Amino acid sequence: MRNIKLTISYDGTRYRGWQRLSGVENTIQGKLESALSGILQEEITLFGSGRTDAGVHAKGQVANFHCQNQMPCQEILSQLRRYLPEDIGIESCSEAGERFHSRLNAVSKTYCYRVWNSDAPCVFERKYVYRLPAKLDDEAMKLAAAYFLGTHDFQGFCSNKHYKKSTVRTIYRFAVERLGHELRFTVHGDGFLYNMVRILVGTVLEVGMGRMEPGAVLTLLSEKNRALAGYTVPAKGLCLMEVQYQ
């Protein structure tokens, strides 16, 4: 039995997210499994490094699948690029070790969230940025982001009220960068809860708008109350950039 690893990019605008859903055709996993099953002439189950929500994009999603077919990886790559829609791209296709699992073996992930901080139009990037014309204090946001670094219980930054596993995660980097009218929030951590990155960014933006002080982040982390943290920013500004493995 072969184990094949894929690196995938996609524009999540018209999809219901990564995860296959019963009776729903427009999911990334569903599209890929359908294409692979047709190409390899066997039922394929794809394992992703994690689920991205509806509307979220990816430049470096990783997935793997097992198959009996001996078609060369280069041919699988060519066939996928031929049959997949233009908003799903396969960056690479390679043989993986027998025990490789895209989710279980991942050690960290990097996300980028983009904000268009201007009242000027953003016509050509509008599907990939959150437009927020409010005046923002960049230095205050950088201070707030720094408080999230390290290992914390992020229960208050998760939209799933019934999450039963550990909500402790480690953030290695949380950068706030301004490029003209655009703000980019880059978050690198060992794992993320449901909507966690979007809530972290929403919280930092609330600091930037003067709605809370940077140091309030420490209180939010200790209170573990979702109602106290910032709002969940729209999905379209978020992109999974890279999944890291040892």
Side-chain angles (χ1 to χ4, degrees), residues 6-37 44-65 80 83-91 102-103 106 109-116 122-132 154-165 167 169 182-189 191-205 226-227 229-243:
L6 301 176
T7 304
I8 309 153
S9 59
Y10 49 85
D11 178 338
T13 303
R14 70 185 185 99
Y15 293 97
R16 292 280 298 276
W18 166 267
Q19 188 180 17
R20 178 197 333 108
L21 299 170
S22 178
V24 177
E25 293 185 1
N26 60 330
T27 69
I28 305 296
Q29 183 185 20
K31 289 288 187 182
L32 287 165
E33 287 180 342
S34 178
L36 285 165
S37 296
I44 297 298
T45 298
L46 197 62
F47 303 97
S49 70
R51 305 170 184 174
T52 52
D53 299 332
V56 174
H57 317 290
K59 288 188 177 180
Q61 174 69 286
V62 176
N64 72 290
F65 65 90
L80 282 171
Y83 290 111
L84 285 171
E86 63 182 1
D87 52 6
I88 303 177
I90 307 301
E91 303 297 330
S102 60
R103 178 176 60 84
K109 296 177 182 177
T110 302
Y111 283 90
C112 180
Y113 194 91
R114 300 171 62 194
V115 174
W116 184 253
C122 186
V123 175
F124 299 107
E125 294 292 303
R126 70 190 185 282
K127 294 190 293 183
Y128 313 107
V129 298
Y130 165 40
R131 186 169 177 266
L132 181 67
F154 286 94
Q155 182 179 344
F157 298 85
C158 174
S159 291
N160 185 351
K161 297 180 181 179
H162 306 291
Y163 195 81
K164 296 180 180 180
K165 298 180 181 179
T167 50
R169 297 292 187 274
E182 184 179 325
L183 277 169
R184 290 188 183 179
F185 299 82
T186 303
V187 190
H188 176 209
F192 297 93
L193 305 170
Y194 181 54
N195 284 165
M196 178 174 158
V197 176
R198 292 164 60 190
I199 297 169
L200 292 177
V201 172
T203 302
V204 172
L205 285 173
R226 171 67 192 96
Y231 67 110
T232 305
V233 290
K236 66 178 183 176
L238 185 61
C239 184
L240 172 60
M241 303 300 289
E242 185 180 4
V243 183

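Computed from a predicted structure; not experimentally measured. What you see below is based on every heavy atom in this structure, not just the backbone, and it leaves out hydrogens, waters and symmetry mates.
The shortest side-chain heavy-atom distance between V187 and F192 falls under the 4.5 Å cut-off. L6 places a side-chain heavy atom less than 4.5 Å from the side chain of L36. Between C112 and K59 the shortest side-chain heavy-atom distance does not fall below 4.5 Å. Proximity of S159 to T232: side-chain heavy atoms (C-beta onward) are separated by under 4.5 Å at one or more points. Between V201 and Y130 the shortest side-chain heavy-atom distance does not fall below 4.5 Å. The shortest distance between side-chain heavy atoms of D53 and Y194 falls below 4.5 Å.
Shown here are the salt bridge (Lys or Arg N to Asp or Glu O under 4.0 Å) partners of R184, two or more places apart in sequence or in another chain: E182. Considering only residues two or more places apart in sequence or on other chains, Y163 meets the side chain to side chain donor-acceptor pair (under 3.5 Å) condition with R169. Residues passing the ring pair (Phe, Tyr, Trp, His ring centres under 6.0 Å) test with Y128, sequence neighbours excluded: H57. S49 is linked by a side chain to side chain donor-acceptor pair (under 3.5 Å) to Q61, counting only residues two or more places apart in sequence or in another chain. Residues forming a ring pair (Phe, Tyr, Trp, His ring centres under 6.0 Å) with Y231 (at least two apart in sequence, or on another chain): none. Checked against side chain to side chain contact (heavy atoms under 4.5 Å, CB included), E33 has the following partners two or more places apart in sequence or in another chain: R20, Q29, T45, L46.
Here the OG atom belonging to S9 is positioned 7.5 Å from the CD1 atom belonging to I90, to the nearest 0.5 angstrom. Distance check: M241 CE to Y111 OH gives 12.0 Å after rounding to the nearest 0.5 Å. Atom OG1 of T167 sits about 9.5 Å away from atom CZ of F154, to the nearest 0.5 Å. Atom OG1 of T52 is separated from atom CD1 of I8 by 9.5 Å, given to the nearest 0.5 angstrom. For the atom pair CD1 (I88) and OH (Y10), the distance works out to 9.0 Å, reported to the nearest 0.5 Å. Taken to the nearest 0.5 Å, the OH atom of Y15 stands 11.0 Å off from the CD atom of E25.
Minimum interatomic distance between S102 and F47 (heavy atoms only, all atoms of both residues): OG-O, 2.5 Å. Nearest heavy atom pair, residue G156 against residue A229, reads O-CB, 3.6 Å. Shown here for I199 and C158, the closest heavy-atom pair between the two residues is CD1-N, 3.9 Å. Taking every heavy atom of both residues into account, W18 and G48 meet most closely at CZ2-CA, 3.6 Å.
Around atom CZ of R16, no more than 12 heavy atoms belonging to other residues, nucleotides or ligands sit under 6.0 Å away.
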Inset, instruction - Give the intermediate values and the outcome of side-chain contact (heavy atoms from CB on, under 4.5 Å) for residues F185 and V115. - result: CA-CA 8 Å; F185 299 82; V115 174; 3.7 Å; yes
Inset, instruction - Evaluate the side-chain contact (heavy atoms from CB on, under 4.5 Å) criterion for residues F65 and L32: first the C-alpha distance (whole Å), next the side-chain angles of each, then the deciding distance (0.1 Å), finally the verdict. - result: CA-CA 11 Å; F65 65 90; L32 287 165; over 6 Å; no
Inset, instruction - Tell me, with the steps shown, if T27 and R51 meet side-chain hydrogen bond (donor to acceptor under 3.5 Å, both in side chains). - result: CA-CA 11 Å; T27 69; R51 305 170 184 174; over 6 Å; no
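Using modelled atom types, one finds no donor on one side chain facing an acceptor on the other under 3.5 Å when comparing T110 with E242.
Of the possible donor and acceptor atoms, one in the side chain of R198 sits under 3.5 Å from a partner among the backbone N and O of V233.
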